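What follows is a single structure, written as structure tokens, with notes after it.
In this text, all values refer to a predicted model and were calculated from it rather than measured experimentally. Below, chain A is the first sequence line, B the second, and so on; all start at residue 1.
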2 protein chains.
Amino acid sequence: MEAPLILSNHDLRNTSARLAVLGIFQKYTYALSHSNIEKELQKDFDRVTIYRTIHSFLDKGIVHKVMDDSESAKYALCVDECSSDHHHDNHVHFKCSKCGNSECLNNIQIPLTNLPSGYIATESNLLIEGVCKACS
Amino acid sequence: MEAPLILSNHDLRNTSARLAVLGIFQKYTYALSHSNIEKELQKDFDRVTIYRTIHSFLDKGIVHKVMDDSESAKYALCVDECSSDHHHDNHVHFKCSKCGNSECLNNIQIPLTNLPSGYIATESNLLIEGVCKACS
DNA sequence: TCATTTATGAAACTCTGTTGCAATAGTAAA
DNA sequence: TTTACTATTGCAACAGAGTTTCATAAATGA
């Protein structure tokens, strides 16, 4: 989908900062951190603007947070099922120990797990670490 | 096991900082962050000492890193199978969205996942979010 | 085009985590 | 017990991640 349409569909104004950041997310297949995005941007947006852009994307369900064991948070585009009400809640991510990139494996479902009694699951995230296709 | 014995078994000197931090890990059933530990300590150890203590515990396999979606890293005691060579590599953690605590579910194994061809898994971490027994 | 609302930039700040170095405490052996 | 060696600690300084406030600028709907 076109970036300006994605923004307006999610009730976000079409600003140059958002279009630029969204374009970067669309360009990469793996999860990006704030500093990844900052370096990739041509125009010099303020650090704070980038943080706020990421937060607005998170709020509206355009991107989701990717957990890996690196210091800082990473984000990746949601698949179509995500919305601001309800993030797609069964993510599998793969982090390559060689290149350090984290990819979403959208086609793979997390198998259900039997929790101890009294525990109620609402969301689950599986992070698999190893060597990715490009590095093996 | 007694704290001083745990330290010497893992080739770490018995210092007051390490005994104090290890005592805190033994006291709580859920994963702790650096700041959790700092607040909990009676005696005023230097921030850096606490960081280094956590790192030495990680190195020696006394604690492992717990991933959740919070800003800062959290750590929890390893089960007995861990060693400095080989961390137990199939962790399931449960994060409660009410109290915010992350527990290790040591009895639960992560089901195997079929990866796309070319991907090689060496480790996997499953984070389940929801409501814990104490909060439900 | 105008008024309103939302987004941006700048500065200042907090929190997390690291590094280098000198002083101190543990440990093993004499 | 004392010594000598090595590991650990505290301190200072730093780098990076992330947030808040507020005045200015840009987007949108009328």
Side-chain angles (χ1 to χ4, degrees), chain A residues 2-24 31-60 62-75 84 100 102, chain B residues 2-24 31-60 62-75 84 100 102:
Chain A
E2 293 293 328
L5 199 55
I6 294 177
L7 293 179
S8 48
N9 280 353
H10 289 89
D11 298 311
L12 289 175
R13 290 187 175 176
N14 267 278
T15 68
S16 61
R18 286 179 184 152
L19 288 169
V21 173
L22 185 49
I24 292 168
L32 302 170
S33 66
H34 174 273
S35 79
N36 292 151
I37 294 168
E38 197 170 24
K39 279 173 203 136
E40 203 62 30
L41 284 168
Q42 306 294 324
K43 198 190 149 200
D44 230 36
F45 293 98
D46 194 83
R47 265 169 20 85
V48 181
T49 301
I50 302 171
Y51 276 115
R52 284 191 278 224
T53 300
I54 294 170
H55 280 133
S56 63
F57 287 3
L58 264 182
D59 274 357
K60 301 298 184 178
I62 296 175
V63 301
H64 63 275
K65 209 169 184 174
V66 175
M67 291 186 313
D68 64 24
D69 54 4
S70 61
E71 20 3 283
S72 62
K74 290 183 179 173
Y75 307 89
S84 54
S102 293
Chain B
E2 292 294 326
L5 198 56
I6 294 177
L7 293 179
S8 47
N9 280 352
H10 288 89
D11 297 313
L12 289 175
R13 291 188 175 177
N14 267 278
T15 67
S16 61
R18 286 181 183 151
L19 288 169
V21 173
L22 185 48
I24 292 168
L32 301 170
S33 67
H34 174 272
S35 79
N36 291 152
I37 295 168
E38 196 169 25
K39 280 174 202 134
E40 203 63 29
L41 284 167
Q42 306 293 325
K43 198 190 149 199
D44 231 34
F45 293 98
D46 194 82
R47 264 168 22 85
V48 180
T49 300
I50 302 171
Y51 275 115
R52 285 194 275 226
T53 300
I54 294 171
H55 280 133
S56 63
F57 287 4
L58 264 181
D59 274 356
K60 301 298 184 179
I62 297 175
V63 300
H64 63 274
K65 207 167 183 174
V66 175
M67 291 185 314
D68 64 24
D69 54 2
S70 61
E71 20 3 283
S72 62
K74 290 183 180 174
Y75 307 90
S84 54
S102 292

- Query: CG of Leu19(A) versus P of dA26(D): gap in Å, rounded?
  - Reply: 15 Å
- Answer yes if the side chains of Ser33(B) and Asn36(B) hold a donor-acceptor pair under 3.5 Å, and no otherwise. yes
- Task: Find the distance between CD1 (Ile24(A)) and OG1 (Thr53(A)) and round it off to the nearest 0.5 Å.
- Result: 10.5 Å
- Has the side chain of Arg52(A) got a donor or acceptor atom sitting under 3.5 Å from an opposite partner on the base of dG9(C)? yes
- Take the protein atom CG of Asp59(B) and the nucleotide atom P of dA7(D), then report the distance between them rounded to whole Å. 14 Å
- So, the side chain of Arg18(B) versus the backbone of Arg13(B): is there a donor-acceptor pair under 3.5 Å, distance only? yes
- Message: It should be established whether His55(A) places a side-chain nitrogen or oxygen under 4.0 Å from OP1 or OP2 of nucleotide dT19(D).
- Response: yes
- Query: What's the spacing between Lys39(A) NZ and Leu32(A) CG if we round to 0.5 Å?
  - Reply: 11.5 Å
- First of Arg47(B) and Ser16(B) reached from the 5' end of DNA chain D, by closest nucleotide: Ser16(B)
- Task: Go through the N and O atoms of the side chain of Arg13(B) and the base of dT6(D), and report whether any donor-acceptor pair is under 3.5 Å.
- Result: yes
- Item | Thr15(B) vs dA25(C): side-chain N/O to OP1/OP2 distance below 4.0 Å | no
- Nearest-nucleotide check on DNA chain C, Asn14(B) vs Thr53(A); residue mapping nearer the 5' end is Thr53(A)
- Task: Rounded to the nearest angstrom, tell me the gap between atom OH in Tyr51(A) and atom P in dC15(C).
- Result: 16 Å
- Message: Determine whether a donor-acceptor pair (N or O, by modelled atom type, separation under 3.5 Å) exists between the side chain of His34(A) and the backbone of Ala73(A).
- Response: no
- Test salt bridge (Lys or Arg N to Asp or Glu O under 4.0 Å) applied to Asp69(A) and Lys65(B), step by step: CA-CA 8 Å; Asp69(A) 54 4; Lys65(B) 207 167 183 174; over 6 Å; no
- Task: Output the distance between atom CD (Glu2(B)) and atom CG (Leu7(B)), rounded to the nearest 0.5 Å.
- Result: 11.5 Å
- Message: From CZ of Phe45(B) over to C1' of dG17(C), roughly how many Å is that when rounded to an integer?
- Response: 20 Å
- Task: May I have the distance from Asp11(B) (atom CG) to dT27(C) (atom P), rounded to whole angstrom?
- Result: 12 Å
- Task: In whole angstrom, give the distance that lies between atom NZ of Lys65(B) and atom C1' of dT16(C).
- Result: 12 Å
- Query: To the nearest Å, how far apart are Asp46(B) CG and dA22(C) P?
  - Reply: 17 Å
- Task: Send over the distance from Lys43(A) NZ to dA25(D) C1', rounded to a whole Å.
- Result: 11 Å
- Using five pairs at either end of the helix from dT1(C)-dA30(D) to dA30(C)-dT1(D), determine the angle between the two local helix axes and round it to 10 degrees. 40°
